[in-house]
Amino acid sequence: MNTLKGPFLLMFKEMRLTFYINFGITIALMALYIFLSYSTGENGDLGSIFGPFYAVFLIYPFILFQGYKYILSLGGTRRQFMMATFASVSIYMVLSVLILNGLHLLSQFFIDQGQMFHMADLVNGSHPLLYIWIDLLWVVFLFGVGIMIKTIWFNLGNVRTLICGAILLMVLITTYTFADLSPFIEFVIVDHLLFVHILAGIAVLFMLLSFLIMRNGPLERGDRARFIGKQQPE
């Protein structure tokens, strides 16, 4: 593969089935909430439809890494794999947030009582572009976290990844137990828009770091002794 076209088409096709499945689940959720709006008689939050699309962007890195060996075996490079992954994910991110917000807007014409919750309801503002932007920031964050975890797992293997995860979990539990988190919680609530932007920024750093690591990634999972110094042929 001398160009990016082949890897891109492979990754784009890999994502297509799960995208269609999530679209179907989201339509079913929307239909359920419309039905509930007529049957419950309560004027509260009925639920949300963003769950399936949010979840799949966290899972996508674990699905897309299945194409890693295919691309390398067909003469592609690790760099092409990562660039094709980011390109195809970016397209599906835009499609997903447009669909989510289109369905959210459309549902308002059919719901009798109550309303569907949107993550943008946590920030001040009602502009339609704000709703799209908030969804985009969240899917960027979830994908960034997912690809960072998958990159570490793929490079270090099961045992070393579990050890790192256990250490991280202990740090989080210790922080939760002994630290005063009230200023942080207040920041999340009061400056929620800034908080989501910070999360998305961290996710972009995760994606950049994943690209740099996988640029010299091992052929097999867990076959990497260290992140710096062991170069793999492309």
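Residue numbers start at 1 and run along the sequence shown. Values below: every heavy atom of this structure, side chains too, minus hydrogens, waters and symmetry copies.
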Walk me through whether Leu64 and Met15 qualify under side chain to side chain contact (heavy atoms under 4.5 Å, CB included).
CA-CA 7 Å; Leu64 295 178; Met15 297 179 66; 3.3 Å; yes
Side-chain heavy atoms of Ile99 within contact of Thr26, under 4.5 Å
no
Next on the checklist: Please tell me whether Phe12 and Tyr92 form a close aromatic pair, meaning their ring centres lie under 6.0 Å apart.
Outcome noted: yes
message: For residues Leu103 and Tyr20: do they belong to one hydrophobic cluster (side chain heavy atoms under 4.5 Å, members Ile, Leu, Val, Met, Phe, Trp, Tyr)?
response: yes
### Geometric class of the Tyr68/Phe154 ring pair [parallel <30°, tilted 30-60°, perpendicular >60°]
perpendicular
Neighbour count above 12 (heavy atom, 6.0 Å) for Trp138 CH2:
yes
Would you call the rings of Phe195 and His192 parallel, tilted or perpendicular, where under 30° means parallel and over 60° means perpendicular?
tilted
* Would Leu172 and Ile185 show up in the same hydrophobic cluster when neighbours are defined by side-chain heavy atoms closer than 4.5 Å? -> no
- Task: Would you please classify the geometry between the Phe143 ring and the Phe86 ring as parallel, tilted or perpendicular, with 30° and 60° separating the classes?
- Result: perpendicular
Query raised in the report: Would a line drawn from the ring center of Phe53 to the ring center of Phe23 be shorter than 6.0 Å?
Result: no
- Message: Between Phe81 and Phe65 (judged by ring centroids, cut-off 6.0 Å), do the two rings come close enough to count as a pair?
- Response: yes
- Query: Does CZ belonging to Phe187 count more than 12 external heavy atoms closer than 6.0 Å?
  - Reply: yes
**Item:** Co-membership, hydrophobic cluster, residues Tyr131 and Leu199, 4.5 Å side-chain
**Value:** no
Membership question, hydrophobic clusters at under 4.5 Å side-chain separation (ILVMFWY): are Leu98 and Val140 in the same one? yes
If hydrophobic clusters are built from ILVMFWY residues whose side chains come within less than 4.5 Å, do Leu205 and Leu194 share one? no
